[in-house]
S.K.: 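Below is a structure I'd like to ask you about.
Values below: every heavy atom of this structure, side chains too, minus hydrogens, waters and symmetry copies. Reminder, nothing fancy here: chain letters follow the sequence lines and each chain counts from 1.
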Amino acid sequence: MSVIKVENLTKHFGNFIAVNNITFQVEKGEIFGFLGVNGAGKTTAMRMLCGLSQPTSGSGTVAGYDIASQSEDVKKHIGYMSQKFALYEDLKVWENMRLYAGIYGVPRSEIPAVIDRMLAALGFESEKNTLVKELPLGWKQKLAFSVSIIHRPEIVFLDEPTGGVDPAARRQFWEFIYKAADEGITVFVTTHYMDEAEYCHRVSIMVDGRIEALDTPARLKQQFSVASMDDVFTKLARKAEGGEQ
Amino acid sequence: MKTFFSFVKKEFLYIFRDIPTMIILLLFPILMIILFGFGINTEVRDTRVAVFDPSRDVATQELVNRLSASEYFVIDRYLSDISEAEKVLKKGNVGLVVVFSNNFNENMQRGSASVQLITDGSDPNTASSLANYATAIINQLAVDHAQLATNVGGNNSRLPIINCQFKLLYNPTMKGAYNTVPGVLGLVLMLICTMMTSISIAREKETGTMEVLLVSPVKPITIILSKTAPYFVLSLVNLATTLLLSIFVLKVPVAGSLTLLVGLAMLFIFLCLSLGVLISIVAPSQIVAMLVSAVVMMMPTILLAGLIFPVENMPLILQVIAQILPAKWFIEAVRNVMIKGVGISAISQEVLVLSGMAVMFLAMSVKKFNKRIE
């Protein structure tokens with residue numbers, strides 16, 4: 001069952017084509033890597049999927065809702081984590097949880113239980129009353145992720161969720177992602193780290209607004225006859241540079 | 001609604017955890033009132049007065065005595081020639097010159113006498129206070145005389161008119177006393193509503209939380225309303241402190257309707273909040289939001305809205321610029337309600353302009369906001 005279906009999705013900004021006719025599907029429970037250099041159109045595509053931006057042409061559904069006409073319904077069924085780990089720094093850990101639970105309409109009577117469960121899952125029981133600004137970056141990241149799935153969304157969008165975090169913390173973070181996927185949450189993730197691309201079930205690579213490659217990491221490596229995703233990426237990026245000349 | 005309250009709660013937590021900012025917000029109006037208020041009040045006491053009196057009759061003598069008896073004036077000297085008036089003012093020997101007309105008493109009995117007050121207009125606030133106090137004393141004399149005449153001679157006597165001519169040297173069209181309280185009120189509300197709101201929304205953009213909020217099912221209007229609600233409450237607290245201080249410490253009473261005054265303040269708060277929201281939507285970061293509010297809005301408000309210099313005395317171009325400042329209209333209206341005690345009909349123009357500006361800012365915010373998401 002596809003939870004994200006996109007057909008010929010295109011976005012123009014004046015004469016500039018940010019997203020050029022992309023088509024893909026993401027299955028339920030899948031971890032879908034969305035790769036591309038800066039400016040390739042990843043963010044624009046993701047903003048359209050989240051209902052923040054109207055497509056110029058083409059269509060798509062997320063969690064069964066049309067991204068152009070039902071963006072408010074889309075928003076109720078997705079989670080979103082920005083690359084800045086957008087948490088309120090001057091609020092305590094549990095206050096952040098309570099706020100986002102309120103935003104996503106978790107019933108008031110259930111909020112304390114939800115907070116306790118999240119603290120336990122994160123191993124944060126002792127940090128319940130700590131201000132978020134006092135947490136180390138890796139902890140903030142884990143907290144931001146749990147907060148983004150506080151309402152058990154069908155899909156969670158992660159926009160470069162591991163930027164600036166050390167490798168150990170990144171690996172730990174991916175364990176969280178796997179756990180969420182096991183619980184049936186589809187994960188749509190953009191990243192710069194090619195080792196992380198290997199962790200995804202399937203990856204797409206965007207170059208200049210188009211999707212140039214889309215498959216499992218193993219088959220992509222086979223297709224380009226290279227040893228790592230890093231090499232796949234380099235080959236595609238070089239092709240794009242060549243095409244511009 | 002539930003979302004709205006969890007937001008407002010968060011916003012209050014944010015304000016209360018930032019203790020230095022909160023202290024500034026709550027103490028600022030008090031400081032301003034005390035600084036501006038006492039700065040003006042102390043200067044006016046015991047002003048030295050020069051008198052030019054060609055009549056030398058009972059009426060002029062009584063007037064001089066009354067002036068001298070008040071706490072504001074001390075009679076310093078009599079001038080032998082009118083030409084000395086400018087000299088003594090220029091030297092700063094005296095703050096006020098009182099010039100009586102010839103045959104003052106006789107003219108007053110007949111119904112109309114004139115007296116001229118000359119002050120140094122280069123310090124407009126002091127000059128205007130002096131003129132107001134002196135005029136009040138002179139008019140009281142006229143009223144007392146009329147009453148006396150009525151008691152003695154039956155009801156056929158009428159109120160003698162003393163034409164009080166007020167002449168300002170160096171700054172002839174000066175108006176704009178009692179600026180302190182209305183001015184401070186305008187400034188404080190502008191600071192809290194416009195500057196703090198725009199900074200707090202810009203902060204969410206900077207930290208990325210705004211993006212997360214926009215992806216969430218929360219409606220943009222709920223976000224905006226919940227961001228502005230706490231500052232609305234804070235402004236009301238500041239409004240109350242400012243008014244209480246002005247009434248009980250500065251002894252500036254509210255001459256007009258208190259309800260009208262509060263209503264007017266609410267309209268201005270609404271306008272400032274809309275403006276703050278607009279600035280924050282346009283500004284990419286907290287620093288820009290702060291600079292725009294401070295440099296583009298606060299500075300002109302302090303300088304051009306009649307808080308320090310009366311608008312009427314500025315060069316034409318600055319007067320035109322002053323017209324587009326929301327605070328100018330607010331200060332004008334508050335001054336009328338608070339000091340002159342007029343009703344709503346007398347300030348309808350100001351109310352209309354303020355409402356128009358508020359609606360315009362709000363419409364622009366909504367338009368910009370939608371465009372930005374796109």
S.K.: Do A:Ser148 and A:Tyr80 come close enough that some side-chain heavy atom pair is under 4.5 Å?
M.R.: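 In short, these two side chains do not touch, never coming nearer than 4.5 Å.
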
S.K.: Please state whether the side chain, the backbone, both or neither of A:Arg108 comes within less than 4.5 Å of a heavy atom of chain B.
M.R.: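 Both backbone and side chain.
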
S.K.: Please classify the contact between B:Lys9 and chain A as side chain, backbone, both or neither, with a heavy-atom cut-off of under 4.5 Å.
M.R.: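 For B:Lys9, side-chain heavy atoms alone lie under 4.5 Å from chain A.
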
S.K.: Within a strict 4.5 Å, meaning less than it, do heavy atoms of the B:Phe7 and A:Ile103 side chains meet?
M.R.: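 They are in side-chain contact.
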
S.K.: Relative to chain B, which segment of A:Val106 carries a heavy atom at a distance below 4.5 Å: side chain, backbone, both, or neither?
M.R.: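 The backbone, not the side chain.
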
S.K.: Answer whether the closest heavy-atom distance between the side chains of A:Phe32 and A:Cys200 falls below 4.5 Å.
M.R.: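 Of all side-chain heavy-atom pairs linking A:Cys200 with A:Phe32, none is under 4.5 Å.
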
S.K.: Between A:Ile78 and chain B, with a heavy-atom cut-off of 4.5 Å, which part of the residue counts as in contact: side chain, backbone, both or neither?
M.R.: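 Contact with chain B is through the side chain of A:Ile78 alone.
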
S.K.: Between A:Phe157 and chain B, with a heavy-atom cut-off of 4.5 Å, which part of the residue counts as in contact: side chain, backbone, both or neither?
M.R.: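 A:Phe157 has no heavy atom closer than 4.5 Å to chain B.
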
S.K.: For A:Arg202, look at atom CZ and say whether over 12 heavy atoms of other residues, nucleotides or ligands are found less than 6.0 Å away.
M.R.: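 More than 12 heavy atoms, drawn from other residues, nucleotides or ligands, come within 6.0 Å of this atom.
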
S.K.: For A:Phe176, does the six-membered ring have the charged nitrogen or CZ of A:Lys179 within the cation-pi criterion, i.e. under 6.0 angstrom from the centroid and within 45° of the normal?
M.R.: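 Ring-cation test returns yes.
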
